[in-house]
Amino acid sequence: DAKTTQPPSMDCAEGRAANLPCNHSTISGNEYVYWYRQIHSQGPQYIIHGLKNNETNEMASLIITEDRKSSTLILPHATLRDTAVYYCIVRVAGGNTPLVFGKGTRLSVIA
Amino acid sequence: DTAVSQTPKYLVTQMGNDKSIKCEQNLGHDTMYWYKQDSKKFLKIMFSYNNKELIINETVPNRFSPKSPDKAHLNLHINSLELGDSAVYFCASSQVINTIYFGEGSWLTVV
C-alpha cells in the first residue's frame, strides 16, 4: 500500500505556480520522497526526488519539511502541458525496490 | 532514441488466447519491471527482474509469465486471456539507487 496521502485533484491557472502537497507521516529515515507524473495516455515520468534537503531541477522544486512528514512539489510556472496526475512516493534508496503508486493528485492547468 | 520501448502499443484479442508483450531498454540498467494500470487508473507492480532473475512477483496469476532472455529485455507472456486482463501494461527499468524509467505502455483489450 502507498504510504502517502495526496489531495485527489487541484486546479492551477496557467503561468502561476502549482504547489502540490503530500503527507508521508510514517516515512522511515532511509526512505526518499519521489515525485512522478503521468500525462494522459503516457508512461509515468520522473520529476524529482529528495531525502531531507530541498531540491530543485529544471522541472520543479521539492520542499521537504524538517520532520520529513510532508513535502510540497512546486511547478514554478505551470503550463497546459503540466496537466497530469502527480504521484508522491516514498521509497528506500538503493536496492531494486519498485515504486508503489497511490492515487495521486490530478492537476488541471487552466488557461 | 527511446530508452524503454514496448511492443505492441495496442493489442485487441479474444478471451482464451495467448499473447506476449515485449520490452527492451537501452539504458544499460540491471533491473526491469512490469506494472499494470487497470480501468480505475491504479498502477500496480507485477514483476521485478534483476540481471535476468525474478526478485518480485506480486501475487500475479500464473497465467502471466515474464521472461528475461538478457538484462536488456523483459517480455510478458499471458496465457488464457480473461476479460479482467484488459489494462495498460507498463514496462520500466532502473539501475540500483537511480530513478525508474517507464515505457509508453501497451494497451491490451480482451473481448
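Basis for what follows: all heavy atoms, side chains included, without hydrogens, waters or symmetry-related copies. In what follows, every chain begins at residue 1, and chains take the letters A, B, ... in the order their sequences are listed.
For a residue to count as touching a neighbouring chain, one of its non-hydrogen atoms must lie under 4.5 Å from one of that chain's; by this rule B/Ile45 touches chain A with the side chain only.
More than 12 heavy atoms of other residues, nucleotides or ligands shown are found within 6.0 angstrom of CZ on B/Arg63. Heavy atoms of other residues, nucleotides or ligands lying less than 6.0 angstrom from CZ of A/Arg68 number more than 12. Other residues, nucleotides and ligands contribute only 12 or fewer heavy atoms inside 6.0 Å of the NZ atom of B/Lys44. The neighbour count for B/Lys9 NZ, taken as heavy atoms of other residues, nucleotides or ligands under 6.0 Å away, is above 12.
Here NZ of B/Lys40 is found 9.0 Å from NZ of A/Lys103. Values are rounded to the nearest 0.5 Å. Taking CD of B/Gln37 as the start and CD of A/Gln38 as the end, the distance is 4.0 Å to the nearest 0.5 Å.
At least one side-chain heavy atom of A/His49 sits less than 4.5 Å from a side-chain heavy atom of B/Thr99. Residues B/Ile100 and A/Tyr36 form a side-chain contact, since some pair of their non-hydrogen atoms from C-beta on lies under 4.5 Å apart.
Hydrophobic clustering of Ile, Leu, Val, Met, Phe, Trp and Tyr side chains at less than 4.5 Å, counting indirect connections, unites B/Val88 with B/Phe102. With hydrophobic clusters built from ILVMFWY side chains whose heavy atoms lie under 4.5 angstrom apart, B/Tyr49 shares a cluster with B/Tyr89.
Nearest heavy atoms, B/Ser94 versus A/Arg91: OG-NH2, 4.5 Å.
Looking at B/Phe90, B/Tyr35, B/Tyr101 one by one, the single match for side chain to side chain contact (heavy atoms under 4.5 Å, CB included) with A/Pro44 turns out to be B/Phe90.
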